[in-house]
Amino acid sequence: MRRIWRYAAPAAALAVLGMAVAVKAQDAPGGGPSNVQVSDEGKLVYEQICQACHMADAKGGGGAGAAIPALANNPNLAKPEFMIEILQKGRGGMPWFTDMLTPAQMAAVITYVRSHFNSYPDPVTEADVKRFAAGAGHKPDCNCAQ
Amino acid sequence: MTEMNEPTRRELFSLIGKAGGAIAMYQAMTALGHAAETQFTGPPKLSPARKGGSVLVLGAGLAGMVAAYELSRAGYKVTVLEYQDRPGGRNYSVRGGDKIVEVGGVTQTVGFAPGNYLNPGPWRIPHHHRSLLYYCRLFGVELEPFIQMNHNSFVHNSKAFGGKPQRYKELAVDFKGHVSDLLGKALNAGALDARVGKEDKEKLLEALRSWGVLDKDMAYTSSLRVSGQRGYDKAPGGGVDGAPTPSKINSLSDILDARVWDQMSFYFNYVMQTTMFQPKGGMDMIGKAFAKQLGKAIRLNTKVTKVAQDDTGVTASWEDVVTGQKSETKADWCVCTIPLPVANQLDLQVSPALKAAMKAVGYSTQCKIGLEMRSRFWEENYSIYGGHSFTDQTIGLISYPNNNMHKDGPAVLLGAFASDARGLMLAGMTPEQRIETALAQGSVFHPEEYRREFLNGASVAWSRIPWILGCTSRWTEENRSAHYQNLVALDGRFVLAGEHASYYGGWMEGSLLSGLDAITRIHQRANVA
Ligand SMILES: Cc1cc2nc3c(=O)[nH]c(=O)nc-3n(C[C@H](O)[C@H](O)[C@H](O)COP(=O)(O)OP(=O)(O)OC[C@H]3O[C@@H](n4cnc5c(N)ncnc54)[C@H](O)[C@@H]3O)c2cc1C
């Protein structure tokens, strides 16, 4: 738990959290940006962000006729593009992360999930994520810079 | 500017009112920019339903229950199927003894004293949410003020004032004073002469002097006048030693570090302006009042898994989560208010365009933590009665209870309201870790008392709540233009409603307006079908 205090990630790669909170239409806490930064390390990105839904053991869990899918031992993750796409576009309850994570952070967490909870050791790089984001037909369905 | 010989607005309204009656009056006022507070113009006036007409409503949140209530009044046979063991949906309060079960099975049992509660979802109602206020009044839900703005609460920024929280009023008055001082200097130096005419310049200087509380040299300096806004070092008293002493203003650069404009502009938001309300006894009083009207029409513990439709009607398949019984319910029409993160995974017989729309809407990721404290030390020791103290730490803010002020006995404080990445960071923790984080971070405001007075706590991490897997819908201009009309369109005999099917996402008002709109369209279609 003290974990969150430990992160001292390189400033250049940090995503500033909580931007433009005050202008959101929905009920929101208000106040300014946070001093809390998402880490650059894949494992810590998983624990800070993905674990909120996919659970610490990456086994997900059931809901009211719907489920948060397991990321552990998930054959869909064999192709790196699958994860790159869903992190950029979101799908249903799975958020898009273009406004929360940098391409480098996405690459780090994808590499971590694929190698740690699955046996797909080949790393995904920041360049892979950027190339995909720029590619034709892979624009997010939603403008993610809210 | 009003010309002398033109009627004033008020005179004009009264003329129109006399000539054209209330509707013309309302339209005229709206056109002139008055009274355009909500799209609610009263409950729908549905002509009597065709004999035997039936509607199936999925989800007993406010959208589902307002739909069911108004349809029943029009004579439809209505059934509401609800997954949870209580009606209300996100209109929810937790009290002592309640269990909060997360995806994955982690369960908290709330330990609050009798009468205390946490509103983990909706907690404040703007004065212009007319449909919500209408139904509260209709059903006798008693409302009390929600203290939105408190000049005496704190703002904490870890990068300002050595991390020491400051009172909002001191920061806000200093911000206003320094900005006025600088703008006045720019005006007097002629820097804005190209933009501001001579007459306006004089008025503006006068405004800055008064609004910014500037001294005779148009400078923002410490004085008793300024203390009359930001507070004194020694407050005015009586008798011999009654004279006050002024407080010392902060420097411009300290004020900028504190970013107090974030809070100042927050309070300017249309949906955040005072007056705000909360139901007495907990937000769920609203859901309970609706449910009382509907009685046996609501079937609880009923998990809908599938909806099929054809030319003659709809069939929902469901499972009773207590008995395991599986069954089907048929009706002429279906209003589905199940939150999209769940609904998009169900087996729904709807058009591809609607399916795509359901997958394209994102959800926010908030987390709230309630802390029960032995005493109201924020009132006794800090003169804080309701309102919020903001921080740039993970917890986002703490908020003080709006009820039972000046009383003894334990009270529940909102110990965190975090969204975006901060909400996820809290959600990813165990309930014990969340409480520990809330105590560690909230102590910045009340270091002496916070841990000492703490009794117990409870948290709701919305992304782990099984019946929603998220918090509230997040529309952007892009997904709105690509998908919104498809999302709200009548799809055969099936229509969506809920806060996500509105331009008032994340507010109960949006749920009600969406529910009313959906049934009005169903009713029109049913009458021609
Ligand atoms: C943290 C937070 C803060 C908020 N703050 C405010 C505020 O201050 N003011 C305000 O006005 N609004 C606020 N809101 C928004 C407000 O809570 C919602 O807009 C409103 O309550 C949603 O009502 P609904 O009927 O659209 O959906 P819900 O209330 O979510 O109803 C949907 C229902 O569907 C049920 N369901 C799910 N799956 C199934 C299934 N398979 N079968 C059957 N039933 C199912 C659910 O159990 C639920 O009861 C807040 C929301 C949150 C989460």
Side-chain angles (χ1 to χ4, degrees), chain A residues 1-5 15 17-19 21-38 46-57 59-69 89-97 99-101 139-146, chain B residues 83 103-104 122 124 157-159 259 262-263 265-266 269 271-272 303-305 340-342 344-346 358-360 362-365 390-394 396-397 417-422 424-425 427-429 433 436-437 461 463-464 466-467 469-470 472 474 476-479 482 505-507:
Chain A
M1 194 281 313
R2 305 248 165 227
R3 243 187 273 128
I4 2 179
W5 309 119
L17 309 181
M19 287 168 294
V21 171
V23 296
K24 276 187 191 162
Q26 79 216 16
D27 182 62
S34 168
N35 72 341
V36 193
Q37 311 284 1
V38 180
Y46 184 83
E47 290 170 359
Q48 288 182 307
I49 304 295
C50 318
Q51 173 171 311
C53 301
H54 293 280
M55 314 304 285
D57 58 7
K59 292 198 175 135
I68 301 167
K89 289 184 161 188
R91 188 182 82 204
M94 167 70 187
W96 56 80
F97 283 100
D99 50 359
M100 203 182 280
L101 301 176
K139 288 250 164 54
D141 288 333
C142 333
N143 170 21
C144 309
Q146 202 182 26
Chain B
Y83 167 74
V103 169
R124 49 187 162 199
N157 189 308
S158 47
K159 294 187 200 72
R259 295 185 58 99
D262 286 321
Q263 282 75 37
S265 49
F266 171 72
N269 284 324
V271 285
M272 294 298 171
K303 177 169 81 177
V304 175
T305 53
L340 297 179
V342 173
N344 102 85
Q345 292 192 29
L346 302 179
M358 292 169 75
K359 283 193 194 303
Y363 269 64
S364 63
T365 49
F390 294 95
T391 171
D392 63 353
Q393 304 173 92
T394 321
L397 55 73
F417 182 18
S419 69
D420 302 305
R422 292 195 255 185
L424 293 175
M425 287 176 186
M429 298 177 185
Q433 290 171 330
E436 171 52 31
T437 304
S463 57
R464 287 189 178 185
W467 45 270
L469 308 178
T472 58
R474 274 173 81 195
T476 61
E477 269 175 44
E478 277 71 11
N479 63 6
W507 292 93

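Order of the sequence lines fixes the chain letters, A, B, ..., with proteins taken first and strands second; residue numbering starts at 1 for each chain.
Of the inter-residue distances, the one linking A:Q48 atom CD with B:M429 atom CE reads 9.0 Å to the nearest 0.5 angstrom. Taking CG from B:N157 and CD from B:Q263, the interatomic distance works out to 8.5 Å, rounded to the nearest 0.5 Å.
Ranking B:P466, B:S158, B:G506, B:G470 against chain A, the residue ahead of the rest is B:P466, based on heavy-atom pairs under 4.5 Å. Between chain B and the residues A:G61, A:C53, A:A56, A:A67, the most heavy-atom pairs under 4.5 angstrom are made by A:A67.
Side-chain atoms of B:M272 and A:D27, non-hydrogen and from C-beta on, do get closer than 4.5 Å to each other. Between B:T437 and B:M425 there is no side-chain heavy-atom pair separated by less than 4.5 Å. Inter-residue side-chain proximity for A:F97 and A:V38 is flagged as unmet; no heavy-atom pair is nearer than 4.5 Å.
Within the 4.5 angstrom heavy-atom criterion, only side-chain atoms of B:L397, from C-beta onward, approach chain A. Within the 4.5 angstrom heavy-atom criterion, atoms from both the backbone and the side chain of B:F417 approach chain A. In this structure, the portions of B:D392 lying under 4.5 Å from any heavy atom of chain A include both its backbone and its side chain.
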